[in-house]
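Everything numeric here is computed off the predicted structure, so don't read it as measured data.
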Amino acid sequence: MTMKEKSTIYYLVWGKVVGRREKKDGHYENFLFKSGRWVEDEGHVIMDHLMGFDPSEPEDSPYRIGNGSVLFEMEEISEGTAVSLINQQILQILKEEWKNKFKAKKEEWDKNPGWPAKLVETWFTLNGEKYTIKPEDIGLTSDGWDQGFMESIQGEIEKDLKSYGATDVYNLGFLD
């Protein structure tokens with residue numbers, strides 16, 4: 001009995017970059033997850049690591065191909081681990097983006113706050129995993145006025161989440 005070959009393999013390169021190798025029509029395509037999106041591995045990072053290719057070694061060096069230190073800079077990971085790492089990267093990107101995106105709106109809100117709120121959260125599913133965003137996650141406090149501000153921007157947060165593939169987005173909050 002032979003084992004079925006995986007059509008998709010996930011890797012973690014340098015302990016932080018998620019890679020994906022897919023077999024399609026008899027050949028392999030390699031991708032890296034960068035800036036919240038899958039991009040083609042044009043620099044051949046995955047293939048170089050599989051071969052142990054070290055471009056820093058001189059061309060005539062016996063350590064240029066099959067270099068053990070390069071081989072161990074990449075490890076195969078499960079799809080579940082890859083999804084979790086990808087989701088964390090997406091959420092980090094969005095949280096930083098929201099802090100900057102809503103800074104001016106928050107300054108205006110503070111001059112003339114609209115309403116206080118409580119228990120404000122945004123729940124969603126991203127790549128099959130459930131998450132919650134709270135005011136503190138985007139640089140706000142848990143006081144009623146900051147929660148009211150988050151409630152006022154939840155529609156924009158939802159739109160951004162959906163642009164990264166989030167589903168089942170629920171915006172919660174109560175007037176205080």
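In this structure, K101 pairs ionically with D160, as a charged nitrogen and a carboxylate oxygen lie closer than 4.0 Å. A salt bridge is absent between K134 and E136: the closest approach of a Lys/Arg side-chain nitrogen to an acidic carboxylate oxygen does not fall below 4.0 angstrom.
Residues I90 and L126 have side chains in contact (heavy-atom distance under 4.5 Å, counting atoms from C-beta outward). For the pair K99/E96, a side-chain contact is recorded, criterion being any heavy-atom separation below 4.5 Å from C-beta on. Q88 is listed as a side-chain neighbour of Y131, based on a closest heavy-atom distance under 4.5 Å.
When all heavy atoms are compared, the tightest approach of Q147 to A117 is CB-O, 3.5 Å. Contact detail for H49 and V45: the closest heavy-atom pair is ND1-O, 2.8 Å. Closest approach of K118 and L175 over heavy atoms only: CE-O, 4.2 Å. Closest of all the heavy-atom pairs between L172 and Q154 is O-NE2, 3.3 Å. Here the shortest heavy-atom pairing between I46 and M74 reads O-CE, 3.8 Å. Y11 approaches L50 most closely through the heavy-atom pair OH-CD2, 3.8 Å.
Rounding to the nearest 0.5 Å gives a distance of 14.0 Å between CH2 of W14 and CD of E75.
S84 and T81 are not linked by any side-chain donor-acceptor pair at a separation below 3.5 angstrom, with hydrogens and angles left out of the test. E151 and W115 share a side-chain donor-acceptor pair at under 3.5 Å. A side-chain donor-acceptor contact under 3.5 Å links W123 and E121. Defined by atom type and a distance below 3.5 Å, a donor-acceptor pair is present between the side-chain atoms of N171 and E158.
Each of I133, T167, D168 was evaluated against F124; a single residue qualifies, I133, per the side-chain contact (heavy atoms from CB on, under 4.5 Å) test. Under the side-chain contact (heavy atoms from CB on, under 4.5 Å) test applied with T8, the options R20, R21, E29, K23 reduce to a single match, R20. For the salt bridge (charged side-chain N to carboxylate O under 4.0 Å, His left out) test with E108, the passing option among K106, K105, K111 is K111; the others fail.
A chain of hydrophobic side-chain contacts below 4.5 Å, direct or via other Ile, Leu, Val, Met, Phe, Trp or Tyr residues, connects I86 to L12. A single hydrophobic cluster is seen to contain both V120 and L91, as judged by linkage of ILVMFWY side chains at heavy-atom distances under 4.5 Å, directly or through other members. Placement of I93 and F33 within a single hydrophobic cluster is found when ILVMFWY residues are connected by side-chain heavy-atom separations under 4.5 Å, directly or transitively. Residues V13 and F72 do not share a hydrophobic cluster, defined by chaining ILVMFWY side chains whose heavy atoms lie under 4.5 Å apart.
Judged by distance alone, with hydrogens and angles left aside, the side-chain atoms of D41 form no donor-acceptor pair with the main-chain N or O of N30 at under 3.5 Å.
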Pair L161-L94, side chain to side chain contact (heavy atoms under 4.5 Å, CB included): steps then yes or no:
CA-CA 8 Å; L161 286 167; L94 284 171; 3.8 Å; yes
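No more than 12 heavy atoms of other residues, nucleotides or ligands lie within 6.0 Å of CD in E79, so this atom counts as exposed by the packing criterion.
The aromatic ring centres of W109 and F149 sit less than 6.0 Å apart.
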